[in-house]
Amino acid sequence: MTAAPDPTDATEAALPPAPAGRRPARPASSRLARYVAGRLVAAVLVLLAVSLLVFLFVHMAPGGPEDAIAGTTATQEQRDQIRVEHGLDRPLAAQYLSYLGSLAQLDFGHSYLRRTPTVDSISDAAAVSVPLLLCAWALAMGLGMTLGVMAAFRAGSRFDRIVLGATTVGASAPAFAVGMLLAWLFGIQLGWLPVLGAGEPGIDRVRHLVLPVVTAAIIALASCTRFSRVRVGEILAEDQFTFATARGLGRGWIMRNAVLRNAGVQLVTLGGGIMISLVASLIVVEQVFNVRGVGSLMIESINSQDIPMVQAITLFVALFVVVVNLAADLLCFAIDPRLRAGLGGD
């Protein structure tokens, strides 16, 4: 009795042979893992370059930390003793290699002025700056995207012109001017909110951070609103939106499937860029409202030439930028499968 033919044999026979000398493509997860590994290696190189540049710039600055530590009445012998205690009398190459050795052990040094680990001071300052940064970012992104989408759906209307005009003014206004105007209006004239300091933890801190958050958000709001207005307007001009409208689909379906799906990658990239730009804006905002955050700590450390503190803050800011960029890229890969396919394979 003859056995029935196996259908899988015929299927395999019908498949074209694989090209000679070519390995099968790697799975998408493997390609993504290789991409992340490459980005991490690049991040380490960036941090090394930042540490070297900051180290050289700080040491090239006129004067030295001994002047800030000892004061103007100290003798030359006292200044020399301070330099020996902190190893500042050694060659720059030896100091930098010693600094890298400490970083390899996750030791970011001790502040010259505070005599405490730099990480402790940065953690205390970050407890103020991080909520300020996140709230300003969320306010700018949420309100900016809302205004941009509404203006795009009402293109050419009075509302659209008002939004574009207001964002133009907001984009051109410097952060210190916006902060001083808000402090004068809501803090001095109306007396609704405090204008100086970060307050005590709890509701008092929330009240103190309202004006700094609004000031930082206004600066970033303009970019988010204008970008959302332009990008969503481009999508609404495409044929798929016309077809969806002709079929009687609701605005909610159009927003989810036509607008957000096509503009999602650009909005995620924009969000990462705005968060990074807010780091620089907070330095000015914290100075205007006398908020003791990371920006104020950075300015104070530069003025006093507290070398370990300046180096530690700069490294943490550079690490933050690298992490935000990597997180934005990974989120873009999750949103758009075409980007994952574009990673390629061997």
Side-chain angles (χ1 to χ4, degrees), residues 68 111 113-114 116-147 162-163 166-225 271 274-304 306 309-310 312-314 316-317 320 324:
S111 170
L113 297 181
R114 295 169 176 79
T116 57
T118 57
V119 176
D120 294 344
S121 299
I122 295 175
S123 298
D124 294 338
V128 177
S129 294
V130 170
L132 177 58
L133 172 66
L134 294 179
C135 291
W137 178 82
L139 180 60
M141 290 296 297
L143 185 58
M145 290 175 58
T146 301
L147 291 176
I162 292 175
V163 169
T167 54
T168 301
V169 174
S172 59
F176 73 89
V178 175
M180 294 177 64
L181 176 62
L182 294 179
W184 173 80
L185 178 60
F186 295 100
I188 298 176
Q189 294 296 319
L190 299 177
W192 291 353
L193 296 168
V195 298
L196 295 177
E200 298 297 327
I203 190 64
D204 184 56
R205 174 159 296 179
V206 173
R207 296 183 68 251
H208 276 78
L209 292 184
V210 168
L211 290 180
V213 166
V214 174
T215 301
I218 287 176
I219 306 303
L221 177 65
S223 300
C224 183
T225 303
I274 286 179
M275 179 167 287
I276 293 173
S277 67
L278 280 173
V279 175
S281 299
L282 288 185
I283 297 178
V284 179
V285 172
E286 289 179 0
Q287 292 295 303
V288 171
F289 294 97
N290 194 28
V291 176
R292 306 297 297 174
V294 176
S296 298
L297 181 62
M298 183 68 168
I299 298 298
E300 178 185 334
S301 301
I302 292 175
N303 292 333
S304 60
D306 193 346
M309 187 67 73
V310 174
I313 294 176
T314 306
F316 279 116
V317 171
F320 173 80
V324 169

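In what follows, every heavy atom counts, from backbone to side chain, and hydrogens, waters and symmetry copies are set aside.
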Should F320 and L133 be marked as a side chain to side chain contact (heavy atoms under 4.5 Å, CB included) after you check the CA-CA gap, both sets of side-chain angles, and the distance that decides it?
-> CA-CA 12 Å; F320 173 80; L133 172 66; 3.6 Å; yes

Minimum-distance pair of heavy atoms, taken over all atoms of [X] and [Y]:
X: A217; Y: A136; result: CB-O, 3.7 Å
X: T116; Y: S121; result: OG1-OG, 3.8 Å
X: V210; Y: V206; result: CG2-O, 3.1 Å
X: G144; Y: T225; result: CA-OG1, 3.2 Å
X: I283; Y: G295; result: CG1-CA, 4.0 Å
X: V288; Y: G179; result: CG1-C, 4.1 Å

Between atom [atom1] of [X] and atom [atom2] of [Y], what is the distance when rounded to the nearest 0.5 Å?
X: S296; Y: N290; atom1: OG; atom2: CG; result: 7.0 Å
X: L211; Y: F186; atom1: CG; atom2: CZ; result: 7.5 Å
X: F289; Y: L182; atom1: CZ; atom2: CG; result: 6.0 Å
X: M180; Y: L185; atom1: CE; atom2: CG; result: 13.5 Å
X: M141; Y: S223; atom1: CE; atom2: OG; result: 10.5 Å
X: S277; Y: W137; atom1: OG; atom2: CH2; result: 11.5 Å

Can you check whether [Y]'s main-chain N or O pairs, donor with acceptor, with [X]'s side chain at less than 3.5 Å?
X: T118; Y: A312; result: no
X: R292; Y: E286; result: no
X: S129; Y: A126; result: no
X: Q189; Y: W184; result: no

Given side chain to side chain contact (heavy atoms under 4.5 Å, CB included), test M309 with E300 step by step and report yes or no.
-> CA-CA 10 Å; M309 187 67 73; E300 178 185 334; over 6 Å; no

Contact between [X] and [Y] at the side-chain level, heavy atoms closer than 4.5 Å - yes or no?
X: I313; Y: I122; value: yes
X: M298; Y: T314; value: yes
X: T215; Y: P212; value: no
X: C135; Y: L209; value: no

Mind running side chain to side chain contact (heavy atoms under 4.5 Å, CB included) on V128 and V291 for me, showing each step along the way?
-> CA-CA 8 Å; V128 177; V291 176; 3.3 Å; yes

